[in-house]
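Let me begin by handing over the structure; questions about it come next.
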Protein chains: 2
Amino acid sequence: MAVTRPVPHPAPAAGAERVSTGPVVARALRLLEAFSDERPTLTLSEISRRSGVPLSTAHRLIAELETWGAVERDGAGRYQVGLRLWEVGALAPRGPGLRERALPYLEDLCAVTRENVQLAVREDDEIVYVERLAGTRAVGVHIRVGGRWAMTATGVGLVLLAHAPPDVVERVLEGPFPRHTPWTLTDPARIRETLAAVRTRGYAVSDRQITSDATSVAAPVRDAAGEVVAALSVVAHHGSPVAVLAPLVRTSAGGVSHALAAGRGRRPPPPR
Amino acid sequence: MAVTRPVPHPAPAAGAERVSTGPVVARALRLLEAFSDERPTLTLSEISRRSGVPLSTAHRLIAELETWGAVERDGAGRYQVGLRLWEVGALAPRGPGLRERALPYLEDLCAVTRENVQLAVREDDEIVYVERLAGTRAVGVHIRVGGRWAMTATGVGLVLLAHAPPDVVERVLEGPFPRHTPWTLTDPARIRETLAAVRTRGYAVSDRQITSDATSVAAPVRDAAGEVVAALSVVAHHGSPVAVLAPLVRTSAGGVSHALAAGRGRRPPPPR
DNA sequence: CGACCGTTTCCGCATACCGGAAGGCCGATG
DNA sequence: CATCGGCCTTCCGGTATGCGGAAACGGTCG
């Protein structure tokens with residue numbers, strides 16, 4: 001309850017001179033970034049502080065966002081992300097679009113294994129969960145749809161990293177590696193070997209990397225061009241038979257891949 | 001609102017025109033509006049044409065949106081709504097937030113009735129579907145999560161209209177009423193009576209308004225302050241026992257209302 | 001090859017953005 | 001009752017920043 005979050009992560013003020021204000025649009029988008037899962041509603045002043053945009057400027061920009069419906073006010077006058085923005089966000093092909101096509105396969109996999117099943121994509125140097133289904137016999141996992149995670153810590157992350165462009169791999173292998181258990185991989189050389197293995201075997205195993213009692217098995221999802229665009233995984237109790245799970249996960253991932261390749265004809269005739 | 005028809009290329013203008021271009025942010029948001037369910041990916045030129053923003057301007061603004069992640073490009077270089085925008089949209093309290101709290105009750109209602117169940121909110125003079133569950137014995141309904149509908153045509157729409165501010169009611173009762181079947185209501189006076197009945201009975205019945213074989217029964221969802229913030233409905237075959245469905249729908253809506261009232265403690269302590 | 005269509009860059013002009021300051025409106029505090 | 005602090009809103013002179021036609025660039029088709 002009385003959670004005293006000592007400075008969440010405002011990280012605004014450069015502290016010194018504000019020489020260039022930067023493009024307006026970028027600032028408006030920064031205002032939207034002020035909202036988060038823990039703080040879904042904010043006052044104008046809070047938005048201003050969190051985004052580092054002067055109050056009067058934030059006031060003007062927020063008013064424009066509100067006119068369009070990107071933000072709206074609740075009964076108390078506090079601001080929150082607007083329904084309109086959700087509607088537009090629901091058009092993202094890599095989000096709901098991907099989810100919709102993959103869902104039947106995820107459900108089958110979930111029904112067969114009775115474990116948690118998840119679908120994720122890469123965004124910059126992190127992964128974003130697009131969907132998650134809870135299995136009846138599942139381990140407790142605390143991921144949120146729309147949530148982000150480090151690439152090295154999860155099965156889906158390893159798959160996506162194994163097929164990411166070289167510059168992404170290098171950046172990730174430099175950065176710090178979040179450690180959650182005694183078994184967490186933190187040696188770049190070892191990770192590099194793991195990635196190679198993922199590519200040759202066609203699936204990844206992440207054993208006790210986040211919690212000490214869970215193992216995840218993940219496989220790549222490809223688009224019509226053969227590019228890896230997503231990853232799908234099952235999280236099971238540590239000690240579960242990987243030899244059994246891997247083929248199941250790979251088969252499901254293949255099913256999603258085929259669904260993506262097949263569903264391309266939805267586009268109306270050319271421009272006009 | 002100043003709609004200044006930009007006129008694509010010809011601009012021989014005498015030079016005396018003081019055409020207001022309008023705020024930048026508004027224009028950037030208009031670019032996002034160019035995307036739709038039928039056209040989830042667009043070229044820059046298409047975006048420019050659809051939004052009425054000159055090409056070079058659209059180019060500059062889209063570049064800013066892309067930098068932030070509001071839009072992204074697929075393999076062919078076409079633009080699409082970005083994952084980042086989806087992430088932020090997922091924070092909308094009236095969208096996913098409401099959905100999450102309501103889901104258990106919707107599932108129960110769906111399991112008991114085996115019919116389609118839906119949850120919707122009002123946005124301006126229309127309703128937006130926030131969630132939809134398919135029942136095993138259900139009539140075919142063609143609504144999409146995130147989709148919009150007229151308020152007069154659906155059960156949820158009648159409920160939300162019955163509890164909407166007067167100015168909304170007046171606007172809606174003026175406007176044209178989309179007619180889908182011979183039974184569609186189009187007389188303002190009749191609709192006004194219907195709305196009064198909805199308020200006194202606590203539920204709405206929309207009989208064969210969209211398709212000739214379906215009847216929907218809807219009830220209001222209220223927040224902690226007692227305000228109607230959403231509506232919940234069941235769509236059944238025409239002729240189904242309303243007397244049986246209505247109490248079920250009202251009970252479920254009441255459950256969601258209580259869940260909303262109870263779940264208010266999630267807010268961290270005030271600002272600081 | 002040339003016509004067509006889409007994308008990208010350039011640059012001078014003035015529009016519309018900027019943000020400190022001041023005023024108003026609570027609610028809490030002494 | 002007076003005072004204070006926090007938040008929201010409005011105002012306005014100065015100029016950063018957005019504007020968009022034009023032209024160069026690159027691909028595809030007939």
Side-chain angles (χ1 to χ4, degrees), chain A residues 10 12-14 16-31 34 39 41-68 71-80 267 269-272, chain B residues 1-2 4-31 34 39 41-68 71-80 267 269-272:
Chain A
E17 292 301 317
R18 183 171 299 286
V19 196
S20 173
T21 57
V24 218
V25 175
R27 310 186 101 197
L29 293 171
R30 276 227 307 277
L31 296 185
R39 323 223 58 225
T41 76
L42 300 169
T43 69
L44 178 58
S45 304
E46 284 169 338
I47 296 172
S48 165
R49 280 194 297 270
R50 293 184 144 235
S51 60
V53 173
L55 184 62
S56 63
T57 302
H59 178 258
R60 177 167 34 85
L61 296 180
I62 278 282
E64 289 187 53
L65 292 175
E66 188 185 4
T67 299
W68 185 79
V71 300
E72 51 194 27
R73 311 177 79 148
D74 64 8
R78 298 171 64 93
Y79 290 95
Q80 58 190 30
R267 184 119 40 259
R272 186 154 284 266
Chain B
M1 281 297 180
T4 49
R5 282 266 163 261
V7 184
H9 342 110
E17 289 301 320
R18 187 178 292 271
V19 278
S20 171
T21 57
V24 219
V25 175
R27 309 185 103 198
L29 293 171
R30 276 227 306 275
L31 296 185
R39 323 224 60 227
T41 76
L42 299 168
T43 68
L44 179 59
S45 305
E46 285 169 338
I47 296 172
S48 165
R49 281 193 296 270
R50 291 180 146 240
S51 60
V53 174
L55 184 61
S56 62
T57 301
H59 179 259
R60 176 167 34 85
L61 295 180
I62 278 281
E64 289 188 54
L65 292 175
E66 189 185 3
T67 299
W68 185 79
V71 301
E72 52 194 26
R73 311 177 78 148
D74 64 9
R78 298 172 64 93
Y79 289 94
Q80 59 191 30
R267 183 120 44 258
R272 182 162 288 264

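All chains are named by letter (A, B, ...) in the order of the sequence lines, taking the proteins before the strands, and each is independently numbered beginning at 1. This is a predicted model, so every value here is computed, not measured.
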Taking CD from Glu64(A) and P from dG18(D), how many angstroms apart are they, rounded to a whole number?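 To the nearest whole Å, that distance equals 12 Å.
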
Please give, in whole Å, the distance from dA16(C) C1' to Leu61(B) CG?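 For the pair Leu61(B) CG and dA16(C) C1', the rounded distance is 14 Å.
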
Separation of dT8(C) P from Ile47(B) CD1 (nearest whole Å):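 The distance from CD1 of Ile47(B) to P of dT8(C) comes to 11 Å, rounded to the nearest Å.
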
What is the distance from atom CD1 of Ile62(B) to atom CD1 of Ile47(B), rounded to the nearest 0.5 Å?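 Spacing of CD1 (Ile62(B)) from CD1 (Ile47(B)) equals 4.0 Å.
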
Minimum heavy-atom distance between Val25(A) and Ala28(B), given as atom pair plus value: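 Minimum heavy-atom separation between Val25(A) and Ala28(B): CG2-CB, 4.0 Å.
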
Are Arg60(A) and dC18(C) close enough that a side-chain N or O sits under 4.0 Å from OP1 or OP2?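 It does, given that an N or O in the side chain of Arg60(A) lies less than 4.0 Å from OP1 or OP2 of dC18(C).
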
Applying a 4.0 Å non-hydrogen cut-off, can you work out what Ser56(A) is touching in the nucleic acid: base, sugar-phosphate, or nothing?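 If one applies the 4.0 Å heavy-atom cut-off, Ser56(A) turns out to touch a base.
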
Quote, to the nearest angstrom, the C1' distance that separates dC18(C) from dA14(C).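 So the two C1' atoms sit 16 Å from each other.
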
Could you please name the option among dC8(D), dT7(C), dG19(C) that lies closest to any side-chain atom of Thr57(A)?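 In terms of side-chain proximity for Thr57(A), the closest of dC8(D), dT7(C), dG19(C) is dG19(C).
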
Can you tell me which residue among Val53(B), Leu42(B), Thr57(B), Leu44(B) is in a side-chain contact (heavy atoms from CB on, under 4.5 Å) with Leu31(B)?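 Only match with Leu31(B) under side-chain contact (heavy atoms from CB on, under 4.5 Å): Val53(B).
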
Let me spell it out: for each of Val24(B) and Leu42(A), pick the nucleotide of DNA chain D with the closest heavy atom. Which residue's pick is nearer the 5' end?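 Comparing both residues, the 5'-ward one is Leu42(A).
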
Separation between CZ of Arg27(A) and CZ of Arg60(A), rounded to the nearest 0.5 Å: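 One finds 8.0 Å between CZ of Arg27(A) and CZ of Arg60(A).
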
Quick one: Arg50(B) CZ to dG6(C) P, roughly how many Å, whole number?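 Checked: the CZ to P distance equals 14 Å.
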
Within this structure, what is the CG-to-P distance between Leu55(B) and dT7(C), rounded to whole angstrom?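 Value for this atom pair: 7 Å.
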
Contact under 4.0 Å: Arg27(B) side-chain N or O vs dT15(C) OP1/OP2: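 Result: no.
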
If you check the Arg49(B) side chain, which of dG6(C), dC7(D), dT9(D) turns out closest?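 The listed nucleotide nearest to Arg49(B)'s side chain is dG6(C).
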
Can you find a donor-acceptor N/O pair under 3.5 angstrom joining the side chain of Thr43(B) to the base of dG6(C)?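 Not at all, since no donor on one side and acceptor on the other fall under 3.5 Å apart.
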
Specify the separation, in whole Å, of atom CD of Glu66(B) and atom P of dT7(C).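 Taking atom P of dT7(C) as the reference, CD of Glu66(B) is at 12 Å.
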
Would you check, one step at a time, whether the test side-chain contact (heavy atoms from CB on, under 4.5 Å) holds for Tyr79(B) with Glu66(B)? CA-CA 9 Å; Tyr79(B) 289 94; Glu66(B) 189 185 3; 4.0 Å; yes

How many whole angstroms separate atom CD1 of Ile62(A) from atom C1' of dC18(C)?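 Atom-to-atom, Ile62(A) to dC18(C), this comes out as 17 Å.
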
Let's see if you can work this out: which of dT10(D), dT7(C), dC17(C) has an atom nearest to the side-chain heavy atoms of His59(A)?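 Among the listed nucleotides, the one closest to the side chain of His59(A) is dT10(D).
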
How many whole angstroms separate atom CZ of Arg73(A) from atom P of dC7(D)?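 From Arg73(A) CZ to dC7(D) P: 14 Å.
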
